[in-house]
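Numbers restart at 1 for each chain; the letters A, B, ... are given by sequence-line order, proteins then strands.
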2 protein chains.
Amino acid sequence: MRKKKIKIAVTDDQQLFRRGLISLLKEFDELQIAVEAVNGNNLLEQLKTKHIDVVLLDYEMPGLDGAETTAVLREKYPEIKILILTMHNDEEIILHMVEKGAHGFLLKDYDIEIVVDAIYAVMENGYYFNPAISKTILRNLVENKKIKPSFKKGDELSEREIEILQMICAEFTSKEIAEKLFIAGSTVNSHKESILKKTGSRNVAGMVLFAVKNGLIKE
Amino acid sequence: MRKKKIKIAVTDDQQLFRRGLISLLKEFDELQIAVEAVNGNNLLEQLKTKHIDVVLLDYEMPGLDGAETTAVLREKYPEIKILILTMHNDEEIILHMVEKGAHGFLLKDYDIEIVVDAIYAVMENGYYFNPAISKTILRNLVENKKIKPSFKKGDELSEREIEILQMICAEFTSKEIAEKLFIAGSTVNSHKESILKKTGSRNVAGMVLFAVKNGLIKE
DNA sequence: ATAAGAATCCGTATAAATACGGATAGCGAA
DNA sequence: TTCGCTATCCGTATTTATACGGATTCTTAT
């Protein structure tokens with residue numbers, strides 16, 4: 001009798017990427033695509049009736065994103081291994097996700113073989129970090145002398161802050177945002193300050209890039 | 001005897017997306033993946049020795065991007081049909097690419113069947129624009145009363161402007177950029193003005209998003 | 001019930017971004 | 001050559017963004 005197949009969930013909002021990835025994974029007989037989801041909410045909905053071993057989770061998604069979904073998964077389904085997929089080789093994102101409890105980290109321009117290696121690694125060892133990413137993590141550990149990095153940047157923005165950040169990305173000035181939201185310009189400034197602090201940015205350029213990297217822009 | 005297969009080139013810098021797309025296209029027997037390229041330069045290099053009918057071209061790429069590659073292809077290989085792939089459903093990008101001579105336009109979250117439909121459409125009709133995109137184009141035609149939209153926004157930035165835009169995205173202030181480049185702060189301001197005009201932006205938020213949409217950010 | 005923290009709000013001061021004007025050098029078309 | 005166009009450069013004025021200080025309300029933990 002054959003070994004039991006590894007049950008995979010693929011979660012990504014971009015249909016061509018999601019279907020393409022699934023198509024590539026189907027070449028590997030030991031893997032079984034058990035769930036296909038377009039975002040975190042959709043994934044969690046399907047997990048009510050289906051069982052999986054590993055989830056490939058896009059970091060940048062509208063709706064429940066990679067970070068939020070990871071938090072929920074670790075809470076409700078601690079046995080599921082989480083592999084984060086992202087376009088951005090960004091130290092802050094990596095550390096943030098490690099802290100959230102992701103089991104591995106994959107860039108979207110990796111080879112499919114690496115993805116499959118990572119799936120086996122998380123099943124066998126519980127985690128997967130390739131050399132480049134391990135280095136990032138270890139350096140942070142050494143610098144902070146902690147097991148868990150006390151990484152707080154990029155922590156959840158409030159509803160209001162996300163709303164304002166999106167308007168900033170739409171090229172509105174603070175004054176215009178204030179008028180649209182019926183609040184004082186100084187209040188908008190104050191929200192912008194919080195956004196700067198939370199995202200670890202110096203100015204609007206950083207805020208906008210944060211929005212892009214975290215899928216906060218609807219297009 | 002069977003009909004000749006349609007020879008396809010797939011050009012995208014993200015390996016997982018590129019390989020995934022190829023895997024999906026392989027399901028269609030009438031299509032043949034003749035060329036796989038990571039960017040425009042790589043594609044043009046391979047076209048010296050290989051023949052193709054249709055190229056699926058990513059818009060956002062480091063190196064020679066979708067727009068530049070389209071221009072070269074239309075010049076050197078006018079018989080090749082060009083289908084642009086992008087994440088961004090952005091009117092300016094669509095019009096820009098139509099003007100450059102692309103034969104069709106596809107979003108990365110479309111279904112693979114739509115991609116294949118588009119391939120057949122460009123082979124048979126010479127172009128493919130789905131209803132939503134046709135609407136965008138037609139509206140522009142009506143408003144400008146021209147066959148070719150005199151769309152100039154997003155026109156090529158100069159070397160210096162790209163350099164400065166990238167530094168802006170790295171969250172440097174004008175003063176800091178001036179110091180690094182050994183020029184006056186006012187000169188940086190002047191370059192920023194040109195960038196604003198060319199990208200059709202009002203402020204840094206717009207410039208940064210332009211940079212993201214056009215793959216100007218190295219990560 | 002109170003203390004601590006976060007989200008929301010506002011005013012004022014300084015730093016930075018943006019608008020306007022203008023100069024030079026190079027390049028291709030007329 | 002001369003004209004027009006663009007890239008590059010710089011100074012000054014105005015508008016916007018950012019820093020700092022402080023308030024109210026709400027939640028949560030003690």
| message | From CD1 of A/Ile195 over to C1' of C/dT8, roughly how many Å is that when rounded to an integer? | response | 13 Å

| query | Once you round it to whole Å, what is the distance between P of C/dT18 and CD1 of B/Ile177? | reply | 11 Å

| note | Whole-Å distance, B/Arg202 CZ to C/dT18 P, equals 11 Å

| said: Tell me whether A/Asp58 is salt-bridged to A/Lys108, with the criterion being a basic N under 4.0 Å from an acidic carboxylate O. | reply: yes

| Just how far, in rounded Å, is P of C/dT8 from NZ of A/Lys198? | 8 Å

| Where each residue is assigned the nucleotide of DNA chain D containing its nearest heavy atom, which of A/Met207 and B/Ile164 is assigned the position nearer the 5′ end? | B/Ile164

| First and last nucleotide of DNA chain D in contact with chain B, 5' to 3', at under 4.0 Å to a heavy atom: what are they? | D/dA7 to D/dG11

| task | Mind listing the residues from residues 184-194 of chain A sitting with a heavy atom below 4.0 Å of DNA chain C? Number order is fine. | result | A/Ala184, A/Ser186, A/Thr187, A/Ser190, A/His191

| query | Measuring from B/Leu56:CG to B/Asp12:CG, what's the distance to the nearest 0.5 Å? | reply | 10.0 Å

| message | Can you measure A/Glu159 atom CD to C/dC9 atom C1' for me and round it to whole angstrom units? | response | 17 Å

| request: Report yes or no: do A/Ser174 and A/Lys192 form a side-chain donor-acceptor pair below 3.5 Å? | output: yes

| query | Is there a donor-acceptor contact under 3.5 Å linking the side chains of A/Ser158 and A/Glu161? | reply | yes

| query | Does a side-chain N-to-carboxylate-O contact under 4.0 Å join B/Arg202 and A/Glu176? | reply | yes

| message | With heavy-atom distances below 4.5 Å as the criterion, would you say the side chains of B/Ile52 and B/Ile80 are in contact? | response | yes

| message | Using OP1 and OP2 only, check whether a side-chain N or O of A/Ser158 sits under 4.0 Å from C/dT8. | response | yes

| said: Nearest whole Å is fine: how far is C/dA17 P from B/Phe172 CZ? | reply: 12 Å

| query | How long is the line joining NZ of A/Lys197 and C1' of C/dA7, in whole Å? | reply | 13 Å

| request: Provide, to the nearest angstrom, the distance between the CZ atom belonging to A/Arg160 and the C1' atom belonging to C/dT8. | output: 8 Å

| said: Could you walk me through whether B/Lys213 and B/Glu60 satisfy the salt bridge (Lys or Arg N to Asp or Glu O under 4.0 Å) test, starting with their C-alpha distance in whole Å, then the side-chain angles of each, then the deciding distance to 0.1 Å, before giving a yes or no? | reply: CA-CA 6 Å; B/Lys213 289 179 182 173; B/Glu60 303 90 3; over 6 Å; no

| query | To the nearest 0.5 Å, how far apart are OH in A/Tyr59 and OG1 in A/Thr70? | reply | 9.0 Å

| query | Does a sphere of radius 6.0 Å around CD in A/Glu79 hold more than 12 heavy atoms from other residues, nucleotides or ligands, not counting ones at 6.0 Å or beyond? | reply | yes

